[in-house]
There are 2 protein chains.
Amino acid sequence: MNWELNDFIKVKDVGPRDGLQMEKNFIPTEEKIKLINALSKTGVHGIQVTSLVHPKAVPQLADAEIVMKNIERQASVKYSVLVPNERGAERAVPLQADEWELMHSVTESHSRSNANKSVDESLKEHERVVKIARENNVTVQGGMATALGCPFEGKVPFERVLYTAEAYYSMGIRHIGVADTIGCADPKLVYTTMKRLIDKFPDVEFSLHLHNTRGMALANVLAGINAGVLYFDASIGGLGGCPYAPGATGNVATEDLVHMLDLMNLQSGVDLDQLLTIAKDVERLVGHKLESTIHRAGPSYQIHHAPAAQEKLAK
Amino acid sequence: MNWELNDFIKVKDVGPRDGLQMEKNFIPTEEKIKLINALSKTGVHGIQVTSLVHPKAVPQLADAEIVMKNIERQASVKYSVLVPNERGAERAVPLQADEWELMHSVTESHSRSNANKSVDESLKEHERVVKIARENNVTVQGGMATALGCPFEGKVPFERVLYTAEAYYSMGIRHIGVADTIGCADPKLVYTTMKRLIDKFPDVEFSLHLHNTRGMALANVLAGINAGVLYFDASIGGLGGCPYAPGATGNVATEDLVHMLDLMNLQSGVDLDQLLTIAKDVERLVGHKLESTIHRAGPSYQIHHAPAAQEKLAK
């Protein structure tokens, strides 16, 4: 295990899109903007701002344009939007995001269920989106949902992952996000998958999108780092969830990730205290308990006071 | 990272003692016995049955003798009891536990707060307990609380850990449990601490007692395994907690641990399905939500049915 890593770890907060998308109550547009502006100052490398999905499909993100136009951008932060299809690409062009994110399921059943398209149909559509991006000088991140497990098919053969990665590569994409969509991946799977991908595509930057559904998110981060991954998605407060596993937690919390990296002396440039302040506001905003462990328990470096009994004893 | 480990991983369930001790309502003695009997059949290596602490200090475990005398023991399972002092040792002798567990804080402030003794006073008392154990042919496990972080002192110098380990070693103890008492340890700390201990005491079996307070329990298991640790405490349902961190989770859940080991093809001999059945009973028994993620979300191998929409599409 390599503990003396000198590389910088990039963190993208996907809370504003992937997190809020799971919230039942509409979050007011000005609150979304406030949240993104606050996250912009924490030191995160990127923020997944919103999605240009059809407003009927995801009413929570119907304000995509207003949000993108009104956030205060920091030069150090990459602002990305999810672009699900050509129509979304047309909407995205005037918004001048730093990056468009494609989301694509590597398994047929999930692709059909989630995008109403076969894997090849979805990749064809993405090709057209990439063309529009290129014409507008926008970077594209290819996303691979269900790459580490599918809710319908279970274990996913690496060949399926490779198939999509190769398709993305041939489109000229050099940043690919690998997602544990339902939070079923274990560290060994994460390590072997990422190692094979990195070996096969040395000029591609791979990032990991991990869920804490089964308590393994931070173990998977560790496995990912050991395989050479230096870029992780996370969500403020642990916002987000999985529609197929009721009561299950969602994205790994940004504060949990940064807390562990801090303890291990791995540099992310993200300020934990700021994240914890934002998480408090987020909890009020969504009106339910957050899954973030650091929000609940406080950081490890908090020293508690010895109880009164001990102070008495000491005298 | 070593993923092709062939060694067997031992699991000790500490739920009946360390877990139930945190429950406010008294758990009926017959229910404790039922729980231990059920755990005995899951394949766990050991069960921490109870503690011979003063009944006034921990009323929940006032039935220690009745529990120990009435459980149905399996030959394959090591039944251990916590022996806090000489008085406890005298009570423990007739109970014929397979192992006595000592609990000792490696930091002065925690030792005084928890045991009302200095570190050296506590070790002296343990020496007398070990003598009684030896006279009665009982194996002793030395426990090191706060070895990976102290609620009052924060980071713990390795010298403090070494001091207690050496004291235990010179008492003839060859199994030492290292505890992350407040769930503040990170994987790097776990790895470096365990590696140094194993290198220094090659003939000692070290086990790890990890809490999931800050979401790092399974990452720490991974780090421990990589350092050469093959023995882990865990608690059914994730029972247990930390009095210093309200709202924080406690012990890593046995089902979460076994689930991850299963996925990684590491053999523990523990049956996950049985654990999940027991966890359901435990939830009813304690009357509150369990922290176990697998109890909440189900194992990774559960394949969900494609939603109706997709079935329609397929036609």
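Keep in mind that the numbers below use all heavy atoms, side chains included, and drop hydrogens, waters and symmetry copies. Naming convention: chains lettered A, B, ... in sequence-line order (proteins, then strands); numbering from 1 in each chain.
- Rounded to the nearest 0.5 Å, atoms CG (B:Leu148) and OG (A:Ser300) are 10.5 Å apart.
- Looking only at heavy-atom pairs under 4.5 Å with chain B, the residue among A:Gly149, A:Ala227, A:Gly298 that has the most is A:Gly298.
- Here A:Leu222 contributes atom CG and B:Asn226 contributes atom CG; the two are 8.0 Å apart, rounded to the nearest 0.5 Å.
- When all heavy atoms of A:Glu291 and B:Arg296 are compared, the closest pair comes out as OE2-NH2, 3.0 Å.
- In this structure, A:Asp186 CG and B:Asn265 CG are separated by 8.5 Å, a value rounded to the nearest 0.5 Å.
- Scanning all heavy atoms of the two residues, the minimum distance from B:His259 to A:Met216 falls at CE1-CE, 3.7 Å.
- Of all the listed residues (B:Thr192, B:Asn212, B:Leu218), the one sharing the greatest number of non-hydrogen pairs under 4.5 Å with chain A is B:Leu218.
- Here A:Pro187 is the residue among A:Pro187, A:Ser292, A:Ala253 with the most heavy-atom pairs under 4.5 Å with chain B.
- Few gaps surround CD on A:Glu121; more than 12 heavy atoms of other groups in view lie less than 6.0 Å from it.
- Atom CG of residue B:Leu263 and atom CG of residue A:Leu189 lie 8.5 Å apart, to the nearest 0.5 angstrom.
- A distance of 10.5 Å separates CZ in B:Arg214 from CG in A:Asp256, rounded to the nearest 0.5 Å.
- In terms of heavy-atom pairs under 4.5 Å with chain B, the best-connected choice from A:Thr293, A:Val252, A:Asn220, A:Val221 is A:Thr293.
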